[in-house]
**Q** 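Below are the structure tokens for one structure; questions will follow.
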Amino acid sequence: DQQVKQNSPSLSVQEGRISILNCDYTNSMFDYFLWYKKYPAEGPTFLISISSIKDKNEDGRFTVFLNKSAKHLSLHIVPSQPGDSAVYFCAASYGGATNKLIFGTGTLLAVQP
Amino acid sequence: DSGVTQTPKHLITATGQRVTLRCSPRSGDLSVYWYQQSLDQGLQFLIQYYNGEERAKGNILERFSAQQFPDLHSELNLSSLELGDSALYFCASSPRVSSYNEQFFGPGTRLTVL
């Protein structure tokens with residue numbers, strides 16, 4: 001049972017435009033959400049996170065939006081740059097005594113020059 | 001560079017064999033996590049240790065085991081290997097065990113079982 005879903009395996013965007021990556025989750029107990037970026041042959045790199053008490057978090061070119069009623073989050077990258085081309089994973093965690101992350105299957109973003 | 005190191009980078013072995021993957025967390029991080037990424041899959045949580053003690057288990061096979069040592073490095077032991085165990089294995093660390101903190105990932109160990 002896939003609790004965190006990224007339904008778009010890939011996305012292609014022109015340099016300078018906005019990239020929007022989407023993620024849906026099914027478990028309403030999740031209270032912390034993260035986005036990771038992964039280049040080939042490297043481990044995932046943390047990008048940005050949001051707790052369930054917020055609906056938006058911004059860090060430079062990256063903004064994450066959380067819609068709890070829809071169980072949906074999105075990552076906006078503005079403006080997109082060729083160096084942003086990578087696989088993006090969203091992840092979720094529960095509160096409590098553990099911090100294990102439940103990952104989506106990833107979206108491959110290609111930013112065209 | 002996340003500060004998390006993993007060795008070896010690549011490992012090729014045969015079915016039925018046993019291997020050990022090693023992870024050193026970031027300096028000061030007490031919590032270590034292991035994840036498996038199979039082909040075209042997201043990362044699947046295997047197990048978490050905090051300050052030497054097992055804290056949480058995911059869908060980890062009985063053939064797999066892990067431990068965290070007093071110096072906080074961790075090892076993941078995979079035994080009676082099968083073809084389906086071929087995957088990327090990532091280690092991550094974080095300062096605390098609780099929620100609301102990100103995990104920092106190592107570069108991974110690519111295991112190939114022939």
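Chain naming here is simple, since letters A, B, ... match the order of the sequence lines and numbering starts at 1 in each.
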**Q** Would you kindly confirm whether B:Leu46 and B:Val4 end up in one hydrophobic cluster when ILVMFWY residues are joined by side chain heavy atoms under 4.5 Å apart?
**A** no

**Q** Of all the heavy-atom pairs spanning B:Gln48 and A:Lys100, show the shortest one and how long it is.
**A** OE1-N, 4.5 Å

**Q** By a 4.5 Å heavy-atom criterion (distance strictly below it), what part of A:Ala41 contacts chain B: side chain, backbone, both, or neither?
**A** backbone

**Q** I need the minimum non-hydrogen distance between B:Phe90 and A:Gly43, along with the two atoms involved.
**A** CE2-CA, 3.5 Å

**Q** Specify the closest pair of heavy atoms between A:Phe89 and B:Gln37, including all atoms of both residues, with the distance to one decimal.
**A** CZ-NE2, 3.5 Å

**Q** In terms of hydrophobic clustering (I, L, V, M, F, W, Y; side-chain heavy atoms under 4.5 Å; direct or indirect links), are A:Val78 and A:Leu47 co-clustered?
**A** no

**Q** In terms of heavy-atom proximity below 4.5 Å to chain B, should A:Leu34 be classed as side chain, backbone, both, or neither?
**A** side chain

**Q** Linking I/L/V/M/F/W/Y whenever any side-chain heavy atoms sit under 4.5 Å apart, do B:Tyr35 and B:Tyr89 land together?
**A** no

**Q** Might you confirm whether atom CZ of A:Arg17 has over 12 heavy atoms from other residues, nucleotides or ligands at distances under 6.0 Å?
**A** no

**Q** Are A:Ile48 and A:Phe65 linked, directly or through other ILVMFWY residues, by side chains that come within less than 4.5 angstrom of each other?
**A** no

**Q** Quick check: is B:Leu88 connected to A:Leu108 through a chain of hydrophobic side chains (ILVMFWY, heavy atoms under 4.5 Å apart)?
**A** yes

**Q** Any idea which heavy atoms bring B:Gln103 and A:Tyr36 closest together, and the distance?
**A** O-OH, 2.7 Å

**Q** Examine distances only and state if a side-chain atom of B:Tyr33 and a backbone atom of A:Leu101 form a donor-acceptor pair shorter than 3.5 Å.
**A** no

